[in-house]
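Everything below concerns the one structure shown next.
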Amino acid sequence: GNSPSGRCKTRSSPTPGAWFDGRMHLAVLGPLHARLSNGTDVPLAGQRVLDLVAVLATRRGRPIDAATLRELLWGEEAGAIGDSAVHTVIARVRRLLGVDAVTTTPFGYRLAESTTVDADQFAHEVAAARRMQEPRNRVDVLERALAMWRGPAFLGADDHVVAAERVRLHELRSGSVEALVDGLLL
């Protein structure tokens, strides 16, 4: 249906491995994507919007101040850019994802506490699989975890914004693939 703003909102089935529990969900294990608490999929467009959402997702709820965001989003141009530019990008994200999606704290900005990120669910599943004694159960959990991936992590975000997290997730994925193969060979 159409929203009050006149933009068409689509409702699609969850991506493999995604869950829906009434909270905003960010998918970062592939193209950066958001699903609102009502189940509406929201495409994220614009490099600074993508980068801001990616940075906030990597912070796992820890606030980040406007000056640091300015450095990350504008790089060498940051010195000539005021905090109002950061506020503008924050406002664009809030228009897309809802006013409560990004919280302002005395220490900066962060995603709403209720936001879920598929990378966290992936890491949780992998850790659970590692604790399992039964190879078949471990294989099942690893297959489910690896099915969450839809492409390279944080696809669409600039590498300098998410490089460390992207590497961490890809290493975790590689280790999970190896563990899956080992489990299938038993």
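Numbers for residues simply follow the sequence, beginning at 1. Small disclaimer: the values here were computed from a predicted structure and weren't measured.
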Around atom CD of Glu113, are there more than 12 heavy atoms of other residues, nucleotides or ligands at under 6.0 Å? no
Step by step, work out the salt bridge (charged side-chain N to carboxylate O under 4.0 Å, His left out) result for Arg144 and Asp140.
-> CA-CA 6 Å; Arg144 184 172 61 239; Asp140 290 345; over 6 Å; no
Looking at Asp100, I'd like to know if its CG atom is crowded, meaning that more than 12 non-hydrogen atoms belonging to other residues, nucleotides or ligands lie closer than 6.0 Å.
no
Query raised in the report: Just by modelled atom types, is the Pro152 backbone N or O under 3.5 Å from a matching donor or acceptor in the His170 side chain?
Result: no
To the nearest 0.5 Å, atom CZ of Phe107 lies from atom CZ of Arg62 at 14.0 Å
CG of Leu56 to CG of Leu69, rounded to nearest 0.5 Å, is 6.5 Å
For Leu32 and Leu50 the tightest heavy-atom approach is CD2-O, 3.2 Å
When Asp41, Asp118, Thr116, Thr40 are each screened for side-chain hydrogen bond (donor to acceptor under 3.5 Å, both in side chains) with Arg35, the one that passes is Asp41
Looking only at atom types and distance, does a side-chain atom of Gln47 sit under 3.5 Å from a main-chain N or O of Gly156, one as donor and one as acceptor?
yes
Review point. Does Arg110 reach the main-chain N or O of Thr105 with its side chain, forming a donor-acceptor pair under 3.5 Å?
Key: no
So CD of Glu143 and CD of Glu125: to nearest 0.5 Å the spacing works out to 12.5 Å
Short N-O contact, Arg168 and Glu165, less than 4.0 angstrom: yes
